[in-house]
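A note on names: the letters A, B, ... follow the listed sequences, proteins ahead of strands, and every chain is numbered from 1.
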Amino acid sequence: MFRFVLQRISLLIPTFIGVSIVAFAFIRLLPGDPILLLAGERGMTAERYAELQQVYGYDRPLLVQYGDYLWGILQGDLGTSIVTKRPVLSEFMTLFPATLELSFCAIVFAAALGIPAGVFAAVKRGSWFDQTIMGTALVGYSMPIFWWGLLLIILFSGILGWTPVSGRISLLYYFPQPTGFMLIDSLLSGQEGAFKSAVSHLILPAIVLGTIPLAVIARQTRSAMLEVLGEDYVRTARAKGLPPLRVVGLHALRNALIPVITVIGLQVGVLLAGAILTETIFSWPGVGKWMVDSVFKRDYPVVQGGLLLIAGLVMVVNLIVDLLYGLINPRIRHN
Amino acid sequence: MVHTEELNVIDDAEAAKKRALKSGWSARRAMLAEFWFYFSENKGAVIGLVVFVALVLVALFAPLLAPHSPTIQNRDALLLPPFWQEGGNAAYILGTDAVGRDMLSRLIYGSRFSLFIGVIVVSVALTGGILIGLIAGFFRGWVDIVIMRVMDVILAFPSLLLALVLVAILGPGLVNAMIAIALVLQPHFVRLTRASVLSEKSKDYVVSARVAGAGPVRLMVKTILPNCLAPLIVQATLSFSTAILDAAALGFLGMGAQPPTPEWGTMLAEAREFILRAWWVVTFPGLAILVTVLAINLVGDGLRDALDPKLKRS
């Protein structure tokens with residue numbers, strides 16, 4: 001197992017170097033001079049230009065610059081935002097809990113609905129129930145989520161007036177945020193109605209972000225269940241006269257869940273891409289909206305740093321999924 | 001005497017060749033019939049195909065079908081609701097947008113952009129992906145390692161984020177958005193092609209072709225590739241819908257097609273501020289995206305059922 005872990009981690013190193021090259025190249029591929037970009041429309045004198053070039057190290061060979069960049073990353077230095085003048089890493093850390101909270105609720109929503117739906121569809125294979133669920137899942141899978149979000153806003157915020165349109169909590173509430181997770185902080189604050197406000201702000205974005213994972217999980221659960229239900233040991237369990245619920249719930253589902261859990265883990269990329277759209281629609285102050293805003297504000301150090309951090313995050317989560325999969329399934333480990 | 005015998009032999013050969021050609025043709029027809037048999041068993045796939053063909057027709061004949069120009073603004077008809085609502089006008093069946101352009105005409109012209117995006121992006125990603133995947137799978141060694149690591153790097157980024165950043169580098173616009181999306185989708189084709197090549201390469205028919213003296217290009221393109229096509233076709237269909245969705249998302253974020261282009265995602269971005277006042281400017285473009293993507297995904301599911309021999313008779 002230890003060998004397996006080491007091997008998987010070592011596979012990540014070239015990918016991480018590649019990702020860092022992409023992030024490094026990003027600023028240099030942009031049209032225009034990065035230093036003139038810093039100056040904005042004011043322009044600058046030739047001396048100041050030379051000075052800044054030295055400060056940022058743009059006068060040195062590319063390879064040296066890249067080495068410096070990599071060394072900086074390893075020490076947690078991802079540059080400074082042009083707009084806020086704050087370190088990119090600390091901005092990311094402030095905003096990330098919002099994205100994590102949203103993504104976590106989205107995936108819980110998706111799994112809580114998707115797994116039972118997939119199981120029932122598989123058990124009742126071919127029935128109208130199965131067809132309805134799979135039809136709905138395909139619609140969800142095809143959904144342009146930015147439109148889906150707008151529709152839900154029209155219905156639940158506009159017509160019914162049930163939920164707020166944007167943000168994480170009502171402006172009426174103000175309290176310290178030790179964890180950064182609004183659901184927890186609002187509970188800790190002890191203010192009346194704060195938690196309810198946080199939930200009502202979270203519910204629509206979580207549904208929107210969870211829609212595609214929900215569809216994927218339902219489809220995956222169904223096909224995994226169908227495969228397992230045809231296995232000999234399930235037939236044996238049935239033949240022994242075990243109640244159907246026990247056969248499906250205990251014997252079949254446990255084995256069908258392995259690919260499902262993998263799929264859930266692999267949704268992290270989908271979630272982060274979806275967060276870009278969902279957070280933009282709901283003005284959710286998370287990493288996705290931060291990236292979009294930075295692209296528009298031409299805050300390139302932030303885009304560069306965010307790119308690296310998000311890719312790193314996806315890689316780490318995929319690694320964890322991979323390792324867990326190896327832990328559950330020894331055949332992978334010894335291959 | 002000998003002469004006629006020779007002629008007879010030649011005649012026989014000719015006839016055999018003709019028969020072979022004919023049977024090749026009918027074999028192909030039989031394959032197609034078998035494909036259609038399995039494809040048409042999936043009702044959803046057939047419905048998807050019908051909708052898709054209808055969309056293609058709408059896109060082709062957009063100038064004939066659209067009742068108004070997609071770009072001319074009409075100041076007497078700002079934000080008119082659809083005709084069945086109070087205040088609607090039968091001349092504008094689906095209403096008008098904030099500057100008085102006919103929604104239906106813009107949607108009809110929009111189908112051209114979406115289908116165009118899908119076709120171009122998939123063609124670029126498919127060609128590039130097959131080529132790179134063939135090279136990686138066929139030559140193995142360090143070529144393979146380098147290619148696959150580069151693909152891993154591309155796949156490490158959430159696709160929409162990478163496309164967004166690429167468009168930031170290249171500059172906003174439809175063409176740049178298509179380039180970015182093609183680049184992001186391409187690793188899937190590389191991986192699929194490489195995996196199929198690896199599994200096909202050691203099979204007898206490839207070995208015998210190699211022994212018969214086939215060169216690497218012929219082996220790759222004529223011997224191996226046709227046998228790897230089924231999963232690639234399915235992936236191409238799925239990528240077609242992903243390309244449309246991603247292009248619309250980029251348009252929605254203001255990084256894809258620019259106004260006044262009647263691209264559906266861009267239309268949604270323009271409609272956002274009227275979301276609580278004029279539901280139709282938000283609802284219809286998104287519905288158009290959903291229907292198109294759904295139709296293509298239905299076809300994709302049907303293709304997978306029909307082309308994947310493992311699932312065929314289960």
May I ask you to say whether A/K297 pairs ionically with A/D293, meaning some side-chain N is under 4.0 Å from a carboxylate O? no
So, the part of B/L245 with a heavy atom under 4.5 Å from chain A: the answer is both
Lys/Arg-Asp/Glu bridge criterion (N-O < 4.0 Å) met for B/D301, A/R219: yes
Below 4.5 Å from any heavy atom of chain B, which atoms of A/M143 appear? Answer side chain, backbone, both or neither. both
Heavy-atom pairs under 4.5 Å with chain B: which of A/V314, A/I310, A/L307 has the most? A/L307
Pick from B/T283, B/I289, B/V167 with the largest number of heavy-atom pairs that fall under 4.5 Å of chain A: B/T283
Grab the two heavy atoms, one from B/L250 and one from B/A163, that are nearest each other, plus how far apart they are. CD1-CB, 4.2 Å
Salt bridge B/R149-B/D144, side-chain N to carboxylate O under 4.0 Å: no
Who wins among B/L160, B/V282, B/I169 for the most heavy-atom pairs under 4.5 Å with chain A? B/I169
Is it the side chain or the backbone of A/L313 that comes within 4.5 Å of chain B heavy atoms, both, or neither? neither
Looking at A/L151, A/L272, A/V139, A/V303, which one has more heavy-atom pairs under 4.5 Å with chain B than the rest? A/V139
Under-4.0 Å salt bridge between B/E270 and B/R106: yes
Using non-hydrogen atoms and a 4.5 Å limit, figure out which bit of B/I296 sits close to chain A: side chain, backbone, both or neither. neither
Pick from B/D152, B/L161, B/L155: which one has the most heavy-atom pairs with chain A under 4.5 Å? B/L161
If I measure from the heavy atoms of chain A, does B/L298 come under 4.5 Å with its side chain, its backbone, both, or neither? both
Heavy-atom pairs under 4.5 Å with chain B, option from A/W148, A/Y141, A/F296, A/F146 with the top count: A/F146
Is it true that atom CH2 of B/W142 has more than 12 heavy atoms of other residues, nucleotides or ligands lying nearer than 6.0 Å? no
Name the orientation class of the two ring planes belonging to A/Y300 and A/F26 (parallel below 30°, tilted from 30 to 60°, perpendicular beyond 60°). perpendicular
Between B/S241 and chain A, with a heavy-atom cut-off of 4.5 Å, which part of the residue counts as in contact: side chain, backbone, both or neither? neither
Answer yes when A/D322 and A/R8 have at least one side-chain N-carboxylate O distance shorter than 4.0 Å, and no when they do not. yes
